[in-house]
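Before any comments, here is the structure.
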Number of protein chains: 2
Amino acid sequence: MKPLFHPRIDDLDLSTILHACADPTRLRLLADINTDPGKTCGTFETELSKSTLSAHFKVLRESGLIRQELGPGNSRLNWPRTAEVQSRFPGVISAILKSATRS
Amino acid sequence: MKPLFHPRIDDLDLSTILHACADPTRLRLLADINTDPGKTCGTFETELSKSTLSAHFKVLRESGLIRQELGPGNSRLNWPRTAEVQSRFPGVISAILKSATRS
DNA sequence: CCAGGTGTTCGTTAGTTGACGAATACACGA
DNA sequence: TCGTGTATTCGTCAACTAACGAACACCTGG
């Protein structure tokens, strides 16, 4: 099995993170993951195709916003890295998520 | 003279704002404007061409992050709309700016 | 009025993005 | 082992983006 790449905290880039959050679909995915940590990729409400969704998860993961673990049956468990990101860029993600879930 | 478009606070969109901040050049411009409110477009340190810079200012303005006023000699005075944006999306811009100026 | 300074607009170009379906990889249960 | 469920990868496509120079618009000073 190919290991999923996750950036270290020190390698996080603010622009990359903001870019990841700038897409409405990804922002909603991120908010959902923060609400229900551990959700698998297939449990998100969306009209998009699986491949499109997979690409969005990849962007979120490689930006450092989420961690994807192997789950049962080749599924992926999605966890927020909010606390870690917070330590690097204090307040950014929490403020974005708060505004995102409000609207 | 063509009037410069500025979105109303109620029309601000979080994704649009994040997209505007996601570009390193624009983020630096925005930080500079917040540090030195009222700067004209020509006073920013950059290697980019005038036309490119102008396009970036347009993105910032149309996202609602800055206000551009007519200054002396056809110049543009750039003001932050941080306080207004803050009222709509509390904490978002201030946190981003804080992280941006740190790095 | 003319020249210089400040920005915008236009047209172009190369690179990136988001979307999709089809094909593939992998784990698990029958 | 064979199918089923889950998710990634690949190739394609249209749309968007950032960058540039050239041309234009506008104000101000001489």
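Reminder, nothing fancy here: chain letters follow the sequence lines and each chain counts from 1.
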Can you measure [X] atom [atom1] to [N] atom [atom2] for me and round it to whole angstrom units?
| X | N | atom1 | atom2 | answer |
| --- | --- | --- | --- | --- |
| B:Leu29 | C:dG7 | CG | C1' | 14 Å |
| A:Leu70 | D:dG5 | CG | C1' | 16 Å |
| A:Leu4 | D:dA7 | CG | P | 12 Å |
| B:Lys50 | C:dT9 | NZ | C1' | 12 Å |
| B:Lys58 | D:dA19 | NZ | P | 15 Å |
| B:Arg76 | C:dG5 | CZ | C1' | 13 Å |
| B:Glu69 | D:dC27 | CD | C1' | 17 Å |
| A:Leu53 | D:dT9 | CG | P | 14 Å |

Checking contacts here: which listed nucleotide ([options]) is nearest the side-chain heavy atoms of [X]?
| X | options | result |
| --- | --- | --- |
| A:Thr25 | C:dA19, C:dG18, D:dA7 | C:dA19 |
| B:Asn74 | D:dT6, C:dT8, C:dG5 | C:dG5 |
| B:Ser49 | D:dA7, D:dG21, C:dG21 | D:dG21 |

Of B:Leu77 and A:His19, the one whose closest DNA chain C nucleotide lies more 5':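 Result of the comparison: B:Leu77.
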
Nearest-nucleotide comparison on DNA chain C, the residue closer to the 5′ end among B:Gly73 and A:Val59: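 The 5'-side residue here is B:Gly73.
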
Just call it for [X]: base, sugar-phosphate, or nothing, with non-hydrogen atoms closer than 4.0 Å on any strand.
| X | result |
| --- | --- |
| B:Leu48 | sugar-phosphate |
| A:Ser75 | sugar-phosphate |
| A:Arg61 | nothing |

OP1 or OP2 of [N] less than 4.0 angstrom from a side-chain nitrogen or oxygen of [X], does that happen here?
| X | N | result |
| --- | --- | --- |
| A:Thr52 | C:dA19 | no |
| B:His56 | D:dA19 | yes |
| A:Ser54 | D:dT8 | yes |

Side-chain donor/acceptor contact of B:Ser51 with base of D:dG21 under 3.5 Å: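 Donor-acceptor pair under 3.5 Å: yes.
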
Nearest heavy-atom neighbours spanning A:Gly91 and B:Ala95: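 Shortest heavy-atom separation between A:Gly91 and B:Ala95 comes out as C-CB, 3.6 Å.
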
B:Thr52 versus B:Ser49, closest heavy-atom pair with distance: OG1-OG, 3.0 Å

Same cluster (ILVMFWY, side-chain, under 4.5 Å), A:Leu4 and A:Phe57: no

A:Gln86 and A:Ser94, any side-chain heavy atoms less than 4.5 Å apart: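 Side chain of A:Ser94 against side chain of A:Gln86, heavy atoms only: contact under 4.5 Å found.
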
Check: A:Arg88 side chain, A:Leu12 main-chain N or O, donor-acceptor pair, under 3.5 Å: yes

